[in-house]
2 protein chains.
Amino acid sequence: MQESLTIGQLAARSGVAPSALRYYERLGLIRADRTGGNQRRYARTELRRVAFIRVSQQVGVSLEEIREALDSLPASRTPTAADWAELSAAWRARLSEKIRLMTKLRDDLDGCIGCGCLSLQRCVLYNPDDKLSGEGPGARLMLPRPEPAASACGDCASAPAPA
Amino acid sequence: MQESLTIGQLAARSGVAPSALRYYERLGLIRADRTGGNQRRYARTELRRVAFIRVSQQVGVSLEEIREALDSLPASRTPTAADWAELSAAWRARLSEKIRLMTKLRDDLDGCIGCGCLSLQRCVLYNPDDKLSGEGPGARLMLPRPEPAASACGDCASAPAPA
DNA sequence: CCTTGAATTGAAGTGGACTTCAACTCGACC
DNA sequence: GGTCGAGTTGAAGTCCACTTCAATTCAAGG
């Protein structure tokens, strides 16, 4: 079993394209040693990092946030199982919270569908405090804060629940 | 109570910026009538559409997919509560599936943390069939399919669970 | 009628996460 | 020692979901 991996090997084992791995390196999420001929050689432990990155992305965490989390690992020594466990515990909480919000969203959706309403302030779906997941891409500088804008929902007066 | 809303009013009531509403219209997600002077006037029912769009986005659905879903609403008549209920039922299923995957992810993470491993093929976290959420932005044309790449995980041999 | 805040357009810019390209060098095997 | 796939770089391109800008027109109140 080799000590280090080429970028191609890491890519194959992690399912992440080489170009993405270079990109991660530029952002400081992973690191690599270099051969005499300037080629990257990855320690096997980098596999864990890449795995952590992908798992975190699945949950909607940005690379910047992931970088910050990874920065909490000890730089001086190879991270131990305990180090990883600590890091992952925080992520677990994050996941749980996301699950909670999504479950709430689903249940609220159920409630709102009863009246066919799905209108904004009324239905809790729009609760700006309980924001789920990333705010999405794009340059979002426009509104300082959408404001609660509380007002009666005029769209619920219609039909009751269909059979 | 007014029959129709200006773009500013719709924006205020939905918490979506006017520019975003125009963008949605370009993509065919919502529609507006025009005044003599070419200004948009939205029927109140558009509020439901916007609500649906935002809720769906929270769950990680792309605007293109949302458009397809909205296209299933009857174009000839104003959608009834039943129409919306049908549409939302499909979304509910989607949500439930997402919740299921996320819960699995969390539990797998727990399992993997025990050994500090979190390495790829071994830990189920990486299961490419159970893909959670969107694939993220960016031009992704590179790998036709990452392939299972099944191979033994050489990173689990280390420490047992920390106290 | 005049003002003033809201609306219009198309084109261009933004941010995140990558990918693609071109020109070049490494390095493992025959 | 030659070949050829794998690796290197920086710059530029891409996709999504918007935002920002500038120039201009609307529309409601005084």
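All values below were derived from every heavy atom in this structure, side-chain atoms included, with hydrogens, water molecules and symmetry-related copies excluded. Residue numbers start from 1 in every chain, and the chains themselves are labelled A, B, ... in the order their sequence lines are given, proteins ahead of strands. Predicted, not measured: the structure shown is a model, and the values here were computed from it.
Contact check on Glu25(B) versus Arg34(B) returns a salt bridge, with a Lys/Arg side-chain nitrogen under 4.0 Å from an Asp/Glu carboxylate oxygen.
When each of dT9(C), dA17(C), dC18(D) is scored by its nearest atom to the side-chain atoms of Leu63(B), the top-ranked nucleotide is dC18(D). With dA17(C), dT19(D), dC18(D) as the choices, the nucleotide that has an atom nearest any side-chain atom of Ala17(B) turns out to be dT19(D). Of the listed nucleotides (dA7(C), dT8(D), dC18(C)), dT8(D) has the atom at the smallest distance from the side chain of Arg22(A). For Gln39(B), taking side-chain heavy atoms from C-beta onward, the closest of the listed nucleotides dA6(C), dC18(C), dG7(D) is dA6(C).
Within the 4.0 Å cut-off from OP1 or OP2 of dG7(D), not a single side-chain nitrogen or oxygen of Arg40(A) is found. The phosphate of dA27(D) has OP1 or OP2 within less than 4.0 Å of a side-chain N or O from Thr35(B). Contact between the side-chain N/O atoms of Ser19(A) and the OP1/OP2 oxygens of dT20(C) is not found at any separation under 4.0 Å.
Using a 4.0 Å cut-off on heavy atoms, none of the residues of residues 24-31 of chain A approach DNA chain D.
Judged by closest nucleotide on DNA chain D, Arg34(A) is the one of Arg34(A) and Arg41(B) placed further toward the 5' end.
With sequence neighbours excluded, the residues that form a side-chain hydrogen bond (donor to acceptor under 3.5 Å, both in side chains) with Arg77(A) are Asp83(A). Residues that satisfy the side-chain hydrogen bond (donor to acceptor under 3.5 Å, both in side chains) test with Ser96(A), not counting sequence neighbours, are Arg106(B).
Between the Glu46(B) side chain and the Arg31(B) main chain, a donor and an acceptor come within less than 3.5 Å of each other.
Side-chain contact between Leu70(A) and Ile53(A): present, with at least one pair of heavy atoms (C-beta onward) separated by less than 4.5 Å.
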